[in-house]
Amino acid sequence: MHAVVAIQITGIDIANKHVKSKNRSAPVSENVYLLLLVKLYRFLARRTDSNFNKVVLKRLYMSRVNRPPVSLSRLACLTKNVTAKTAVVIGTITDDERLDVVPKMSIAALRVTKGARARILNAGGEILTLDQLALRAPTGSQCVLLRGERNAREAVKHFGRGPGTPHSHTKPYVRSKGRKFERARGRRASKGYKN
């Protein structure tokens, strides 16, 4: 006797008519130089197997909030053990007065502030634009991709649980930080509780 096996074939839902990707596929900025860089790295991301180019392209699409600046002191710290490589920042490099001695380093960035540029060049370092980097290292070899702290903005300190609620460390929007301003409930034990 032969056993009959019933196979139920279920369809796959491929009606993605209204499914929209939330990720950017192009920058919102209309800066012509940025758009040329996007064109260049879009080509490199497609024609090379390098993951580096894909990441650079994705970061070129990002908004300014998501491209935080990197200070010279942070760069010096992060590139301490990788002197032979080029540090790549898809964003701005800013000066840091607290850093006494700027080490010699090779940097590629979207933008470098006037003070930072002078100090890097005085230290014998070099600054490349991203199109120069593409000619030198089309696959991102001998490059270290760095980025700044995204949550270092002042605005981020105000996010989270409401200020004044128990165990909250959120910064309140206060007119002034004086004796008369928001110093009672939640700020001392005698008035309800103390955070």
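Counted within 6.0 Å of CZ on Arg150, heavy atoms from surrounding residues, nucleotides or ligands total more than 12; the atom is thus considered enclosed. Open room surrounds CD on Glu30; 12 or fewer heavy atoms of other groups in view lie less than 6.0 Å from it. The environment of CZ in Arg64 is sparse: at most 12 heavy-atom neighbours from other residues, nucleotides or ligands sit within 6.0 Å. More than 12 heavy atoms of other shown residues, nucleotides or ligands fall within 6.0 angstrom of atom CZ in Arg46.
Of all heavy-atom pairs between Ser63 and Arg24, the closest is N-NH1, 3.5 Å. Looking at every heavy atom in both residues, Ala87 comes nearest to Leu146 through CB-CD1, 3.9 Å. Scanning both residues, Arg188 and Arg183, for their nearest heavy atoms gives NE-O, 3.1 Å. Of all heavy-atom pairs spanning Thr129 and Asp131, the tightest one is OG1-OD1, 2.5 Å. Contact record, Gly148 with Pro68: O-CG, 3.4 Å, taken as the closest heavy-atom pair. Between Gly162 and Ser168 the shortest heavy-atom distance is O-OG, 3.1 Å.
If you take OG on Ser29 and CE on Met62, they are separated by 15.0 Å, rounding to the nearest 0.5 Å. The distance from the OG atom of Ser106 to the CD atom of Gln142 is 10.5 Å, given to the nearest 0.5 Å. We find the CZ-CZ distance between Arg67 and Arg59 to be 11.5 Å, quoted to the nearest 0.5 Å. The CD1 atom of Ile90 lies 13.0 Å from the NZ atom of Lys58; values are rounded to the nearest 0.5 Å. Taken from CG in Leu44 to NZ in Lys39, the straight-line distance is 13.5 Å, to the nearest 0.5 Å. With rounding to the nearest 0.5 angstrom, the NZ atom of Lys85 is 9.5 Å from the OG atom of Ser141.
The ring pair (Phe, Tyr, Trp, His ring centres under 6.0 Å) search around Phe159 returns none, not counting sequence neighbours. In terms of the side chain to side chain contact (heavy atoms under 4.5 Å, CB included) criterion, residue partners of Val70 (sequence neighbours excluded) are, by chain and number, Arg74, Leu75, Val89.
Under the ring pair (Phe, Tyr, Trp, His ring centres under 6.0 Å) criterion, the residue pairs touching residues 160-182 are His158-Tyr173, with sequence neighbours excluded.
Connection of Met105 to Leu99 is established within a shared hydrophobic cluster, with ILVMFWY side chains joined at heavy-atom distances below 4.5 Å, either directly or through further cluster members. Cluster membership check: Val88 shares its hydrophobic cluster with Val38, using side-chain heavy-atom separations under 4.5 Å among Ile, Leu, Val, Met, Phe, Trp and Tyr. Cluster annotation: Leu133 is connected to Tyr61 through the hydrophobic network of ILVMFWY side chains, with a link wherever side-chain heavy atoms come within less than 4.5 Å. Hydrophobic clustering keeps Leu35 apart from Leu40 (ILVMFWY residues linked when any side-chain heavy atoms are closer than 4.5 Å, directly or through intermediates). Leu128 and Val102 sit in two unconnected hydrophobic clusters of ILVMFWY residues. Membership requires side-chain heavy atoms under 4.5 Å apart, directly or through other members.
Checked by atom type and distance alone, the side chain of Thr92 never pairs as donor or acceptor with a backbone atom of Arg111 at under 3.5 Å. Checked by atom type and distance alone, the side chain of Tyr41 pairs as donor or acceptor with a backbone atom of Leu130 at under 3.5 Å. Between the Asn53 side chain and the Gly140 main chain, no donor and acceptor come within less than 3.5 Å of each other. Side chain of Arg161 to backbone of Pro166: a donor-acceptor contact under 3.5 angstrom is found. Proximity of a side-chain donor or acceptor of Arg119 to a complementary backbone N or O of Asp96 within less than 3.5 Å is detected.
Ile107 is not listed as a side-chain neighbour of Thr79, based on a closest heavy-atom distance of 4.5 Å or more. Here the side chains of Phe52 and Thr139 are not in contact, with every heavy-atom distance at 4.5 Å or above. Within the 4.5 Å cutoff, the side chain of Pro27 has no heavy atoms near those of the Leu60 side chain.
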Checklist entry - Step by step, would you call Leu34 with Leu110 a side chain to side chain contact (heavy atoms under 4.5 Å, CB included)? => result CA-CA 9 Å; Leu34 181 66; Leu110 265 182; 4.3 Å; yes
